[in-house]
Amino acid sequence: MFTVVWVVFIPFLFALFTPLVEKVLKDRIGIWGIVSALLSFGGVLSLAGYALGDEPLYVVYEWAPTLGLSFGFYVDGLSWLFAFLISGIGVLINIYAYWYLHKPDPFGRFFAYLLFFMGSMLGLVLSSNLIVLMIFWELTTISSFLLIGYWHHTERARYGAVKSILVTALGGLAMLGGIVILTVIAGTSEIPELIAKAGMIQEHVLFFPILLLILLGAFSKSAQSPFHVWLPDAMEAPTPVSAFLHSSTMVKAGVFLIARIHPIFSGREEWILMVASVGLITMVLGAYYALRKVDLKAILAYSTVSQLGLMIMALGFADVLGAKATAFHIMNHAAFKGMLFLVVGIIDHETGTRDISKLRGLRFTMPKTTVLAFIGAFASAGIPLFNGFLSKELIFEAAYEQIGVASWMTVFPVFAVVGSILTFTYSMKIFFHVFYGEESKELPKHPHDPPFGMLFSPGLLAAVTVIVGILPFIAERFVNAATAAITQQHADFYLTIWHGFTPALWMSVITVAVGIALYSRRALLETLHSKPPFGLTVNAMYDWWYPNIMVGAEKLINMFQSRKIRFYFMYILGMVVVLCGWVLLKDGHLRFIPHDLLYAETYEYLGGVAFILATLGVAFFRSRLAKVISLGVVGYMLCATFILLRAPDLALTQLLVDIVTVILFVLVIYFLPQLRDIKESVSVRVRDILIAGITGGFVTVFVLAAYAHRHTQSVAAYFLENSYELAGGTNVVNVILVDFRTFDTLGEIIVLAIAGLGVYALVRLGVRHKRKESGL
Amino acid sequence: MISLILNRIARIVIHILLIFSIFLLLKGHNEPGGGFIAGLMASVSIVLIYLTYNIETVKKFMPISYPAMIALGLFFAAGTGLGSVVLGYPFLTQTFDYVHIPLVGEIELATALIFDIGVFLTVVGATLLIISSIGEGS
């Protein structure tokens, strides 16, 4: 029960304490990350029983029951498979990064971000509630932003980070809208309950908008066309990050979500049309772009885009075969693509470049890396005996089955083959171009195999790639469990290399044959590099849109933040009058009861007169000091009123607040310029008088009207009765502050703390700025 | 310029004020007072030193970092809340009990007091931080 909570929160806790631990471990802080990942991984392993058994684990903690919100975890075949990949690859990435990072990069920050991401991602896949899932979803977006911008001193890294957060957060907003509508119509945001109500949701009028909005989120996260633009720029992140977030886990969040909502939404034609088609387009486009690139990481980025499209396409078929193919391919792709990224990281690390046109003949100097790259590239190309072949053939099979569903769906098997041919070609290019041929002499560094620490993680992934490729039945149980979770049907498949002479096999044969032909014509391919892509690219649109949106946002902000305090007052007072006045009029609260308003003791009259005079003084005195003293008098008169009304706590507070305020004012006046006589135009004066008059008049009316409502039940009675009984205090005011409404008080002191630190920072920065200007 | 009268009086009054502020803090649950008021009272008494002497004297009198004080205050306040969560109650659940101590008599121990100490520290820290940074700006 508790294990699942720990699995998610251990990385967060470790991330939180990283700065402290870094003081002890110094450059070895990576160990902290490895330990955390290992703990989470162990937790996930111990949960395997729930995923592989019949009964999923479903734990719910109440969060805000009045809002129908709960903090729940759901471990079934699908979420466990993802959690397994995230924590398992997390361990490997932490080990790799320990060797990969170099001074003067801040190590602690890197591992803190990485663990922060790992916790968010585990929370995303394990939560049972769509709203909670959404929160973790956005946390992964934020951590991805931080990690892409890790080398924030380079302009490209900042560009990539901003681009990724804008594109994915945009999709996230759409998704939030979809989730909210879904929650409202279904009356729950718990995924298991939503699955039970799938029939009702599919009948609903709003089915299409909900699906569209949620898919927008999933597509932007999983870099589906046209949202794929952010992923290649995200490659500015350090390579371990690219391998972890941007190929094996985070970008699969969209695939995960589509798989998770599969039982709720699939079954209507819109599903096939939207999900499968977008996947198909992305797969072909991504593979085409990958072929055109010369930067190794860019090739892998587009290749990831393409492979994600392949998975989403298979999910779009809305049948058991497609779900099974996707589940298997998720595992296999995480292994071989994560490994390829790590290999590219090694190449970059040891040769100083990732440019494919400079890299030649590395097999002489880096034999071990060559073996790894061979396994990765051949798995990616879909060659038998490697895991990529098996799942790709399953997808071929699923695509081929679609011909029977509708004749237009013939495009799926056809383009699946086209995409795979392109994939085959660039995979061969990665391997043969970089590792074969004459040894290149113009490399920035003299290349050699990296230390064991950097070979360990890709080596393990390579072993998995080969073992699963040869003995696929090892993965059978996991794939079946995930397939059952996606389709909500019992799945009992066998995974074997040899299926007989099936259509899928012929599709593979065509892929390899045409792929080899295409690769041998690579001189033709080289010309592709120089040709620009289609005239209007999504990137160009983004680059046009981004500065414009920034300018627009600044204009909007300037409208409200005029930096003049009188306008802020106008907004605040205006809103008070409009909102409170609206409520008064709307519900007919505006009524008065007759009472003797003018009855008061003589000294009360005197106090009232002093009150009014002091207030007028604040407005009309000409020197600042006189104004401040007048304001002090107003405060003390208010204090006197509290005493008359027998409220000693309020009176004490008011008195002290007034002392502090006056002292502050006196301190500040010292710095302010002399008050000037501002010649205001008549219209401005009339406007100010109107605002002041209306606000004053409104408050008077409001107070009188409030008097008419005194007979309604007052909350005070409850507090007076229960203060001693429940909270053991007789000072009701204090009991309210520290017992009944503690949460409010906590909020208030946090505001106070922020205000204090804000003033401190402002003054300090101001002083430093001044010193800089005067050259000190 | 240091006023002699203010100087002499401040030396005595400051201690009384500080003790009184602690009195207000401890008594707050049953009599007028509480963390907020006590915090303001303590800040005002420190400000009295500042007004009578200068910022250096304040630093000598109270060699504490104000941001750290704010952090400690928030730690206490949020800590009582987390404490109740750890024990399985909703966030910020408070409890109390009465203890009999020989000679002193019966006194009340409430977790609300820990929270109130947090409020006290935050208020003192924030107020003094604001006043001292503006004062130091000169």
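Letters A, B, ... mirror the listed sequences (proteins, then strands); counts begin at 1. Values below: all heavy atoms of this structure, side chains included; hydrogens, waters and symmetry mates excluded.
- For the set B:Gly28, B:Ala126, B:Gly118, the entry with the most heavy-atom pairs within less than 4.5 Å of chain A is B:Gly28.
- For the set A:Val735, A:Val733, A:Leu752, A:Val738, the entry with the most heavy-atom pairs within less than 4.5 Å of chain B is A:Val738.
- Applying side chain to side chain contact (heavy atoms under 4.5 Å, CB included) to B:Tyr50 and the options B:Leu128, B:Ile131, B:Thr57 leaves one that passes, B:Ile131.
- In this structure, chain A has heavy atoms under 4.5 Å from both the backbone and the side chain of B:Val119.
- Contacts of B:Ile130 with chain A are made by both backbone and side-chain atoms, with heavy-atom separations under 4.5 Å.
- Residues A:Ser189 and A:Asn129 approach most closely at OG-OD1, 3.0 Å, considering heavy atoms.
- Of the residues considered (B:Thr122, B:Ile37, B:Thr80), B:Ile37 shows the highest number of contacts with chain A, using heavy-atom pairs under 4.5 Å.
- Of the inter-residue distances, the one linking A:Phe73 atom CZ with A:Ser127 atom OG reads 7.0 Å to the nearest 0.5 angstrom.
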Listed pairs under 3.5 Å, donor-acceptor, residues 651-664 of chain A side chains, sequence neighbours left out:
residue: A:Thr653; atom: OG1; partner: A:Asp649; partner atom: O; Å: 2.7
residue: A:Gln654; atom: NE2; partner: A:Asp658; partner atom: OD2; Å: 2.9
residue: A:Thr661; atom: OG1; partner: A:Val657; partner atom: O; Å: 2.3

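- Taking both residues in full, the closest heavy atoms of A:Val633 and A:Ala614 are given as CG1-CB, 3.6 Å, listed atom of the first, atom of the second, then distance.
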